[in-house]
Amino acid sequence: MAEPIAAPLDAAQGEVAELLSDLIRIDTTNTGDTSTSAGERAAAEWVACKLADVGIESQICESEPGRASLVARIEGTDPSRPALLVHGHLDVVPADPAEWSVHPFSGEDRDGYIWGRGAVDMKDMDAMVLALVRDWARTGVRPPRDIVLAYVADEEAGGKLGARWLVDEHPDLFEGCTEAISEVGGFSITVRDDLRLYLVQTAEKGLAWMRLTAGGKPGHGSFVHDDNAVTRLCEAVARLGSTRLPTVLTPPMRQFLDAVSEAYGIEIDPDEPEEALARLGGISRMIGAALRNTANPTMLDAGYKANVIPGTASATVDGRFLYGQQEEFERQLAGLIGEGIQREWLVHDQAVETTFDGPLVDSMVAALKAEDDGARPVPFTMSGGTDAKSFERLGMRCFGFSPLRLPPDLDFASLFHGIDERVPIESLQFGIRVLDRFLRSA
Ligand SMILES: [Zn+2]
């Protein structure tokens, strides 16, 4: 594989911070309800303008009024190669200005960071890709493969009105795409001055949100009562919440733990890897959850009066299962929930996993190492879910690769959906250089 000559990328590196600020200022809060979430249309139109400025045509599609996604195709120089999808979501989760040091939709440039909701999830990647393709268009650079750009709605509510809808209604837009890159991966964890792990996401846990409903005999709260729905439900909820399911090492997590072991020069007990993971700082909470299936109770609902025993009681549980573990997870749940309780799925979506190998991965690794000679790229499994679950349905191998070299002391994991979400401008510029090398050699 020929290494592309590093382009100057002055324009892209110069404008990325401003593009990100502008995009953050377009409030694309996704509340999960279209009547209060319509900023995606303005954001998609803004992206379309920025692309049109440099002669790139794009198409905006709406699943519901205001719920807009944008798709564009940059033609590659080698039509015999399959296309590569680069996708990012435009929506963000809500933010309460009272909790923040800056207004969450100000896009403020302060202390070398761009601040605001979406700065790391994931308007950062949106802006890096936009800055890069604008630079390419101005300087006449063309990638070898067709690159399909997708800026989509509704990721934060599961993608039903964004990626999932596009995949179901307009699969033609992704014709020929065999691989995809997007969010939650490609960022660094500093081991020491000359060694940084770059976590590339190759797998996502599956999603199983469920409602548990216990039945019992309704009655007066003052009587002797041995068939109480609230008691039965709470016993099941307590078992679920306090049981740690067994560790399962999937291939990406095995590779990840090997890399951690080697980088820090420590032995890792495969049955108790948590202790070793704690060294990674805040990110260990996210990564630790990818070592096993999990079921966390999140909502309770029962009763209407202090002296009335209700006939039913229900709870909502956020379940997540590893790739290949769906049946085992259901068996684990059944054992913990016990008798007399009904379980129904509220949201159920598959786990995805691909391997950390092949020419595309080689290009990622080479691009990271060319820009950071202390880079050690490693695969990992994401505990949450992204739009990769939708695009995988079209047969694409999906990777979380939004490259950022981060300062050693930044608690990056806490910024996702967090207060004072922000991203270093230097990290964005690094990301552009890596993406340029990667997309021109992929
Ligand atoms: Zn995201």
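Order of listing sets the numbers, starting from 1, for every ligand and every atom in it.
Cation-pi check for Arg343 over Trp345 is met; the charged atom lies under 6.0 angstrom from the ring centroid and within 45 degrees of its normal. Phe105 does not carry Arg25 over the face of its six-membered ring by the limits of under 6.0 Å from the centre and within 45° of the normal.
Coordination check, Glu183 versus the Zn ion (ligand 1): passed, since an N/O/S atom of the residue sits under 2.8 Å. Not one N, O or S atom of Glu156 sits under 2.8 Å from the Zn ion (ligand 1).
Between the side chains of Lys123 and Thr28, at least one donor N or O sits under 3.5 Å from an acceptor N or O.
No other N/O/S atom of Asp121 lies as close to the Zn ion (ligand 1) as OD1 does.
Using a cut-off of 4.0 Å between Lys/Arg side-chain N and Asp/Glu carboxylate O, Glu155 and Arg164 are scored as not salt-bridged.
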